Amino acid sequence: MFCYQCEGAAQGIGCSKVGVCGKQPDVSDLQDLLIYALKGMAFWADQARAKGNKDAEIDRFMIKALFTTVTNVDFSDSSVADVIKEAVVLKAKAKALAGDISVPVPAAAQVFELPTDQAALMALSQLHGIKDPGVDEDIQSLRSTILFGIKGYAAYADHALILERENDEIYAFTHKALAAMLDDSLQLMDYVGMAMECGRINLVTMELLNKAHTDTYGHPVPTPVQLGTKAGKAILVSGHDLRFLEELLKQTEGKGINIYTHGEMLPAHGYPELKKFSHLVGNWGGAWQDQHKEFQNFPGAIVFNTNCIQKPADNYKDRLFTWDRVQFPDVRHIDGWDFSEVIDCALAADGFPDAPGQEILTGFGHNAVLGVADKVIDAVKAGQIKHFFLVGGCDGAKSGRNYYTEFAEKAPKDTVILTLACGKYRFNKMEFGDIGGIPRLLDVGQCNDAYSAVQIALALADAFECGVNDLPLSLVLSWYEQKAVAILLTLLHLGIKNIKIGPTLPAFITPNVLNFLVENFNIGPITTAEEDLKQILG
Ligand code: SF4
Ligand code: SF3
């Protein structure tokens with residue numbers, strides 16, 4: 001195995017024995033083979049598109065298959081092997097759709113049979129690692145960046161698809177970009193352009209998902225969320241999928257079961273059509289990397305509808321479920337919309353006593369923030385708000401992530417912090433107070449709600465008649481998995497400069513590619529909270 005797609009990459013280089021995330025070598029190799037098969041499939045799908053032919057099964061499958069390979073989604077070798085089988089079948093379908101072509105067919109796009117025995121399948125998977133042999137390291141770096149960006153937006157496109165929203169532009173770019181990874185005639189700048197386009201497509205995807213969410217569940221409104229517990233049986237929902245939560249809320253209504261959000265599900269409390277369920281009672285626990293020590297204390301059923309799952313401990317494994325793309329060996333898996341197994345498990349468990357706790361606020365999407373734009377603008381003009389920070393992104397286990405806690409803590413009292421994604425758990429239980437009624441900490445939502453943060457920034461720039469880079473706004477981002485890569489590419493596509501990123505730089509970025517990013521975007525690694533605040537605030 002060799003995997004370097006996330007911030008956990010061993011020694012800042014890559015995981016080569018076993019994943020720091022717990023991914024086993026077999027699963028990693030099979031994911032590589034899946035990506036290889038998808039590139040071949042994309043080649044044919046792209047050729048077919050050039051002739052005006054496309055196929056919904058191919059388009060949708062590709063998105064789901066890519067999502068399968070995102071960090072902390074699928075740890076099951078048999079499940080990944082099943083996806084590969086489907087990919088080989090659909091590759092043949094894409095080839096038929098393309099018909100006769102006049103360009104050379106790359107190896108990945110050639111017809112290949114999958115061996116039926118496991119050992120031969122593993123041997124085949126080891127032939128097709130994530131790095132392309134003989135390719136210039138900077139080109140490889142960009143190919144990897146684009147691939148990981150595509151994986152990131154594939155997750156968002158899948159959530160949108162679950163809400164029956166799609167956009168053909170997303171499919172077309174996915175095919176074109178994956179096919180481009182098989183084309184050795186392309187040069188460095190071709191891939192730079194494609195990386196920026198990947199950022200644009202992620203913006204299109206996040207917009208699609210935002211619309212799917214807000215059309216279905218209404219625009220988020222500022223909402224206090226209880227961190228304590230309520231007497232009754234309990235189900236904890238982790239992940240990002242709102243439709244899943246809605247269905248579970250419907251199926252548990254009147255059953256004496258309370259639903260708690262975990263991790264990235266926290267912003268769900270702000271949506272009118274979700275918060276109307278009185279048994280959606282609160283948010284429980286910290287960010288994903290704390291699940292191992294926390295879940296043993298949850299006296300109910302626990303479901304992951306997307307990343308980030310970790311290897312479960314025995315003291316909660318029998319109460320754990322995965323759904324859809326998420327899989328873990330020996331953990332009960334649910335496909336589809338019948339949650340009775342989860343409900344039965346919750347009913348059989350002890351449940352919680354009444355123990356009210358702290359309340360935190362969520363629901364500051366662009367609609368809510370721009371609803372008070374006049375107040376915000378006046379506060380800036382009056383000098384009450386001196387600066388805005390967007391402190392957000394993924395959380396993770398590394399100790400260097402304390403930086404984000406310190407940064408938020410040390411940000412001066414006349415500054416406002418917008419936050420999103422699971423990185424907020426580093427500081428979202430701290431007291432920040434308000435500035436003239438505007439809370440100093442505004443939870444914009446999930447990672448995909450970076451779309452909302454962009455809308456807020458654009459509206460502020462509009463109001464102050466300047467560019468986003470001229471606003472008193474600084475972005476201090478934390479990254480872990482591939483959705484963060486997609487979002488970073490979106491910010492670069494929008495021309496946003498001076499982004500600080502941490503806790504470490506991606507292992508797949510070469511010094512030359514980093515130089516390019518520094519020269520063109522003045523992107524830089526975080527240092528210390530004090531130093532960075534001093535530098536930003538001058
Ligand atoms: Fe390592 Fe991250 Fe890959 Fe897991 S996903 S194997 S932690 S680089
Ligand atoms: Fe978090 Fe896994 Fe990235 Fe959606 S839940 S931000 S890490």
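Note that these values count all heavy atoms, side chains included, but never hydrogens, waters or copies made by symmetry. Since this is a predicted model, take the numbers as computed values, not measurements.
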Query raised in the report: Is the F295 ring parallel, tilted or perpendicular to the W284 ring (thresholds 30°, 60°)?
Result: tilted
**Report entry** Partners passing side chain to side chain donor-acceptor pair (under 3.5 Å) against H279 (at least two apart in sequence or in another chain)
**Finding:** T252
Query - Spacing of L66 atom CG and L147 atom CG [to the nearest 0.5 Å] - result: 7.5 Å
Solution key, residues 483-496 side-chain donor-acceptor pairs under 3.5 Å, sequence neighbours excluded:
{"from": "K483", "atom 1": "NZ", "to": "H240", "atom 2": "ND1", "distance (Å)": "3.4"}
{"from": "K483", "atom 1": "NZ", "to": "H240", "atom 2": "NE2", "distance (Å)": "3.3"}
{"from": "K483", "atom 1": "NZ", "to": "N307", "atom 2": "OD1", "distance (Å)": "3.0"}
{"from": "T490", "atom 1": "OG1", "to": "G199", "atom 2": "O", "distance (Å)": "2.8"}
{"from": "T490", "atom 1": "OG1", "to": "N202", "atom 2": "ND2", "distance (Å)": "2.9"}
{"from": "T490", "atom 1": "OG1", "to": "A486", "atom 2": "O", "distance (Å)": "3.1"}

Query - Salt bridge flag under 4.0 Å for residues E166 and R60 - result: yes
Report summary line: The reported gap from CD1 in I201 to CE in M194 (rounded to nearest 0.5 angstrom) is 11.5 Å
Query - salt_bridge(R49, D168) N-O dist < 4.0 Å - result: yes
Report summary line: Partner of Y153 under side-chain hydrogen bond (donor to acceptor under 3.5 Å, both in side chains), picked from D158, N448, T174, is T174
Requested in this report: Not counting sequence neighbours, which residues clear side chain to side chain donor-acceptor pair (under 3.5 Å) with N167? List them please.
Outcome: none
**Report entry** F389: partners by ring pair (Phe, Tyr, Trp, His ring centres under 6.0 Å), with sequence neighbours left out
**Finding:** H387, F407
Query raised in the report: Quick one: side chain to side chain contact (heavy atoms under 4.5 Å, CB included) partners of L514, sequence neighbours excluded?
Result: L505, I509, V518
Requested in this report: Return yes when atom CD of E530 has more than 12 non-hydrogen atoms of other residues, nucleotides or ligands closer than 6.0 Å, and no otherwise.
Outcome: no
Query - salt_bridge(D290, K293) N-O dist < 4.0 Å - result: yes
Query raised in the report: Once you round to the nearest 0.5 Å, how far does SG of C422 lie from OH of Y480?
Result: 9.5 Å
Query raised in the report: Taking atom CG of L533 and atom CD of E409, what is their separation to the nearest 0.5 Å?
Result: 11.0 Å
**Report entry** Pairwise distance CD(E359) to OG1(T223) - rounded to 0.5 angstrom
**Finding:** 10.5 Å
Report task. Only counting residues at least two apart or in another chain, list the ones meeting ring pair (Phe, Tyr, Trp, His ring centres under 6.0 Å) with Y451. Result -> H366
Report task. Working to the nearest 0.5 Å, report the span between NE2 of H175 and CD1 of I170. Result -> 11.0 Å
Requested in this report: Name all residues meeting the ring pair (Phe, Tyr, Trp, His ring centres under 6.0 Å) criterion together with Y425; count only those two or more places apart in sequence or in a different chain, and write none if there are none.
Outcome: none
Report task. Before accepting this row, confirm whether a basic side-chain N of the pair K276/E273 lies closer than 4.0 Å to the acidic partner's carboxylate O. Result -> yes
Query raised in the report: Are any of the side-chain nitrogens in D59 or K54 under 4.0 Å away from the carboxylate oxygens of its partner?
Result: no
Query raised in the report: In chain order, what residues pass the side chain to side chain contact (heavy atoms under 4.5 Å, CB included) check against A459, with sequence neighbours excluded?
Result: L370
Query raised in the report: Is the closest basic N to carboxylate O distance between K211 and E207 below 4.0 Å?
Result: no
Report task. Answer yes or no: is there a donor N or O on one side and an acceptor on the other, between the side chain of Q5 and the main chain of T69, under 3.5 Å? Result -> yes
Query raised in the report: Which residues pass the side chain to side chain donor-acceptor pair (under 3.5 Å) test with E197, sequence neighbours left out?
Result: R200
Query raised in the report: Within the distance-only criterion (no hydrogens, no angle test), does the side chain of T405 pair as donor or acceptor with the backbone N or O of R426 below 3.5 angstrom?
Result: yes
Query - K381 atom NZ, over 12 foreign heavy atoms within 6.0 Å - result: no
**Report entry** Residues which pass side chain to side chain donor-acceptor pair (under 3.5 Å) with T145, listed by chain and number, not counting sequence neighbours
**Finding:** none
Query raised in the report: In chain order, what residues pass the ring pair (Phe, Tyr, Trp, His ring centres under 6.0 Å) check against F244, with sequence neighbours excluded?
Result: W323, F339
Query raised in the report: Picking from V416, L477, T419, I499, what satisfies side-chain contact (heavy atoms from CB on, under 4.5 Å) with L390?
Result: L477
Report task. Give every residue pair that meets the side-chain hydrogen bond (donor to acceptor under 3.5 Å, both in side chains) criterion with at least one member in residues 498-512, sequence neighbours excluded. Result -> E7-T504, D138-T510, D138-N512, N498-N522, K500-Q535
Requested in this report: Taking atom NZ of K386 as the centre, report whether more than 12 heavy atoms of other residues, nucleotides or ligands fall under 6.0 Å from it.
Outcome: no
